[in-house]
Number of protein chains: 2
Amino acid sequence: MEQLLRHQIEKIVQLTDDEFHLVLSYFSFRTYKKHQYVVQAGDMAPNDHFVVKGLLKSFYIDDDGKTHILQFAMEDWWISDPQAFHNRTPATLHVDCIEDTDVYYISIDSREQLCAELQKMEYFFLKKTAAGYIALQRRILSLLSQSADERYHQFAQLYPTLLQRLPKALIASYLGVSRETLSRLAAG
Amino acid sequence: MEQLLRHQIEKIVQLTDDEFHLVLSYFSFRTYKKHQYVVQAGDMAPNDHFVVKGLLKSFYIDDDGKTHILQFAMEDWWISDPQAFHNRTPATLHVDCIEDTDVYYISIDSREQLCAELQKMEYFFLKKTAAGYIALQRRILSLLSQSADERYHQFAQLYPTLLQRLPKALIASYLGVSRETLSRLAAG
DNA sequence: AAAAACAAGTGAGCTATATCACACTAACCA
DNA sequence: TGGTTAGTGTGATATAGCTCACTTGTTTTT
């Protein structure tokens, strides 16, 4: 379970056993039930969460009360309200659990202490954030250039696991398509 | 001119004169003419560019030959093909100049050496990348939840300078709207 | 075991935005 | 300095995707 986190870090920087135990000491572990909220808009949300088991989503509720999904996170992924996390401001997003979920989480303060103590962890977080940035640019490009149908099929190809584990209505909300339209696309 | 770069860094970390000269020694300076390419899709593009003067765009050309603008950059902004930069792979985006432009640029290798030598610069780049990530999330949200009209007026409010300096067709491409539709929105 | 809530599909009509076509003006450059 | 190209506006028509309304099957909940 810890190994999942260690393995993820070691894709980018190598750690001795002692170093990994230092890293781990800055994290906490927690369990959530399906439907439980991890972050609520309006509250402070100073933690970033590494998913060990389960499935979550982060989403925004707009002025018309419509829900828009920004991110899913399953095993080996991270999730938070990044703005609330980095700027220490109240959350504007919600994060909740689609399945029973286990996470390791770390506060922004702990993360900065950890990076000060173990320099290569700052390199790790920099690489991780840059990779996230690139992924978001790709998603913007797909929203700008692809039809609903193309986006759906690309999603299906890219995340076959999520396709199975998620209700279609959530995928629709992530892709920026209505439930009904996605249902018609999925058929063809 | 150097001061612009120094000032931007010092919004996040403080530097002594010696430290700033060290930082600057890792950058190079270059001038571009309007219409000149800074990055061409297919080429290696290992540099990130800090704009001292001028205006640029990064864009993707899709399979139908349509252009989609990912980013503009004017004074005090950074621009690159992030994927090509971070992963040292050939570019998939183009970057070119909308006006005559001056930049300081740094290669990924130089940046990593600089961070190894001056730890707080790694903190600076981490913060900068995180801020960029948050901005992209906001843009995704606006693509998911807002109408063309709302996106245009939000852009106009957020970037009044760009509104004046850019041809409307480029703004349309950035917002994911046709030139004609944007022209009709701009009127109302 | 019944009732309620969730998930998925589908028809009918509507609307925001795209596309195509043309006109006009201003800016650039040979 | 006159010809070409860039920028903008606007009408007419087409269409992808939305909304609303209903059905049916499947999990949860009690």
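To find a chain, count down the sequence lines: A is the first, B the second, and so on, and within it residues start at 1.
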Check your understanding: Where each residue is assigned the nucleotide of DNA chain C containing its nearest heavy atom, which of A/T181 and B/T181 is assigned the position nearer the 5′ end?
Key -> A/T181

Review point. Given atom CZ of B/R151 and atom P of C/dA16, what is their separation to the nearest angstrom?
Key: 14 Å

Review point. Taking atom P of C/dA12 as reference, at what distance in whole Å does atom CD of A/E180 sit?
Key: 15 Å

Check your understanding: So if you build clusters from Ile, Leu, Val, Met, Phe, Trp, Tyr with side-chain heavy-atom gaps below 4.5 Å, do B/L158 and B/M74 land together?
Key -> yes

Practice item. Cation-pi check, B/R165 to B/F72: give yes when NZ or CZ is under 6.0 Å from the six-membered ring centre and within 45° of the ring axis, no otherwise. Key: no

Review point. Between A/A169 and B/S147, who's closer to the 5' end of DNA chain C by nearest nucleotide?
Key: A/A169

Practice item. On DNA chain D, reading 5' to 3', which nucleotide is the first and which the last to sit with an atom under 4.0 Å from a heavy atom of chain B, could you check? Key: D/dG7 to D/dA12

Review point. Residues two or more places apart in sequence or in another chain: which of them pass side chain to side chain contact (heavy atoms under 4.5 Å, CB included) with A/D62?
Key: A/Y60, A/D64, A/K66, A/H68, B/S145

**Study point:** Polar side-chain atom of A/Q14 near backbone of A/E10 as donor-acceptor pair, under 3.5 Å
**Key:** yes

Point to revise | Nucleotide C/dA18, atom P - distance to CG of B/D62 in whole Å | key: 14 Å

**Study point:** Nearest-angstrom distance from the residue atom CG of A/L144 to P of C/dA18
**Key:** 11 Å

**Study point:** A/S183, nearest nucleotide to its side chain (from C/dT17, C/dT19, C/dG9)
**Key:** C/dG9

Check your understanding: Does one side chain, of A/W77 or A/Q71, offer a donor that lies under 3.5 Å from an acceptor on the other?
Key -> no

Point to revise | B/R184 side chain, from C-beta outward: closest of C/dA18, C/dT19, C/dT10 | key: C/dT19

Point to revise | Length of the line joining B/Y152:OH and C/dA18:P, which is rounded to integer Å | key: 15 Å

Point to revise | Check: B/Y123/A/E112 side-chain N/O donor and acceptor closer than 3.5 Å | key: yes

**Study point:** Between A/N47 and A/S107, a side-chain donor and acceptor under 3.5 Å
**Key:** no

Exercise for review: Could you check how far CD of B/Q146 sits from C1' of C/dT17, rounded to whole Å?
Suggested key: 16 Å

Point to revise | Global bending angle along the helix from C/dA1-D/dT30 to C/dA30-D/dT1, which compares the axes of five pairs at either end, to 10 degrees | key: 50°

Review point. Within 45° of the six-membered ring axis of B/F125 and under 6.0 Å from that ring's centre, is NZ or CZ of B/R111 located there?
Key: yes

Practice item. Map A/G176 and A/R179 onto DNA chain D by nearest heavy atom, then report which one ends up closer to the 5' terminus. Key: A/G176

**Study point:** Whole angstrom value for the distance that separates P of C/dT15 from CG of B/D149
**Key:** 17 Å

Check your understanding: Below 4.0 angstrom from OP1 or OP2 of C/dT19, is there any side-chain N or O of B/K66?
Key -> yes

Check your understanding: Any cation-pi pair here, A/K57 with A/F59, using under 6.0 Å and within 45°?
Key -> yes

Check your understanding: How close or far is atom C1' of C/dC28 from atom CG of B/D100, stated in whole angstroms?
Key -> 14 Å

